[in-house]
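In each ligand, atom 1 is the first atom listed, and ligand 1 is the first ligand listed.
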Amino acid sequence: MSSAQQVRPGRFITLEGIDGAGKSTHLTFIADWLKRHDVDAVFTREPGGTPLGEQIRELLLAPATVASLDAETLLAFAARQQHIADVIAPALAAGRWLVSDRFTDSTYAFQGGGRGVPYERIRALEDWVQRGLQPDLTLLFDLPTEVAAGRMAGTRVPDRFEQEAADFHRRVRAAYLRRAEEASQRIVVLDAGRSIDDIQADIAVHLGKLLERG
Ligand code: ADP
């Protein structure tokens, strides 16, 4: 175990936002920042993060997949349970930091806001699977849906969610902003319409605060 691990307890950071808001872009910056500050970190993603989770990810994102709203929600939480058990909980217990590209706020936003799954159902699964585990910090990259769509245009083959209509993405964004109000102590809303440098200056401030928390 390195000295950094011995003096610092683990921290759980999640990145959220509509597709095209910039999560992947900022992930590299976060990795560099943590390395420069001698923080031992694990990088992972949802759905995914384990062999089972990655198989579920393929099913959830494949445009050909037909799933009921509840089946989709349960699959997301099945992947999450395996992820927590095999990756997230062990990393945090070992004093490592863990950065996940998406976590449960995505389920509230996409399945709750986007698809209309009642929040109470998502909350019941969250309680069951997470048993109180919550991120220490969630960076929510917020951007008007039209801007995000413009940034993504022509850069990737749309997955099952990305190919949804504009209204779906507007509901996802609204649900994220509602989550940010409900959990304002952990969710930081970052205006992702600014320059990459400006956004990353903000990210650095929030990472710095988390590091100082000791
Ligand atoms: P996500 O991972 O959230 O889907 P990406 O990081 O892939 O989003 O970003 C989508 C596109 O927008 C990429 O082409 C990226 O280079 C570009 N991009 C990201 N952030 C900004 C920004 N602040 N200003 C302009 N373009 C950006």
Open item on the list: Using a 6.0 Å cut-off, check whether atom CD of E58 has over 12 heavy atoms from anything other than its own residue.
Closed with: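 Counting neighbours around CD of E58, 12 or fewer heavy atoms of other residues, nucleotides or ligands fall under 6.0 Å, so no.
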- [ ] Flag the pair Y108 / E126 as yes when at least one side-chain heavy-atom distance between them is below 4.5 Å, and no otherwise.
- [x]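 A side-chain contact exists here, since the closest heavy-atom pair is under 4.5 Å.
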Task: Check: L207 and I13 side chains under 4.5 Å, non-hydrogen atoms - done: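 Contact flag for I13/L207 side chains = yes.
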Return the closest protein heavy atom for [atom] as residue, atom name and distance.
| atom | result |
| --- | --- |
| atom 8 (O) of ligand 1 | G22 N, 3.0 Å |
| atom 16 (O) of ligand 1 | T25 OG1, 4.1 Å |
| atom 23 (N) of ligand 1 | R194 O, 2.9 Å |
| atom 17 (C) of ligand 1 | R151 CD, 4.1 Å |
| atom 2 (O) of ligand 1 | S24 OG, 2.5 Å |
| atom 4 (O) of ligand 1 | G20 N, 2.8 Å |

- [ ] Specify side chain, backbone, both or neither for R156, according to which of its non-hydrogen atoms lie closer than 4.0 Å to ligand 1.
- [x]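 The answer is the side chain of R156.
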Open item on the list: Please classify the I199 to ligand 1 contact at 4.0 Å (heavy-atom distances, strictly less than): side chain, backbone, both or neither.
Closed with: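 The side chain, only.
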- [ ] Decide whether the shortest distance between a heavy atom of A21 and an atom of ligand 1 is less than 4.0 Å.
- [x]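 Yes; A21 lies near enough to ligand 1 that a heavy-atom distance drops under 4.0 Å.
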Okay, side chain of [X], backbone of [Y]: is any donor-acceptor separation there less than 3.5 Å?
| X | Y | result |
| --- | --- | --- |
| R173 | L143 | yes |
| H83 | I88 | no |
| T65 | L60 | no |

Open item on the list: My question is simple, although I want it checked carefully: is atom 13 (C) of ligand 1 less than 4.0 angstrom from any protein heavy atom?
Closed with: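 So far as the 4.0 Å threshold goes, atom 13 (C) of ligand 1 is out of reach of every protein heavy atom.
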- [ ] Walk me through it: do T138 and R179 pass the test side-chain hydrogen bond (donor to acceptor under 3.5 Å, both in side chains)?
- [x] CA-CA 11 Å; T138 297; R179 285 299 289 157; over 6 Å; no
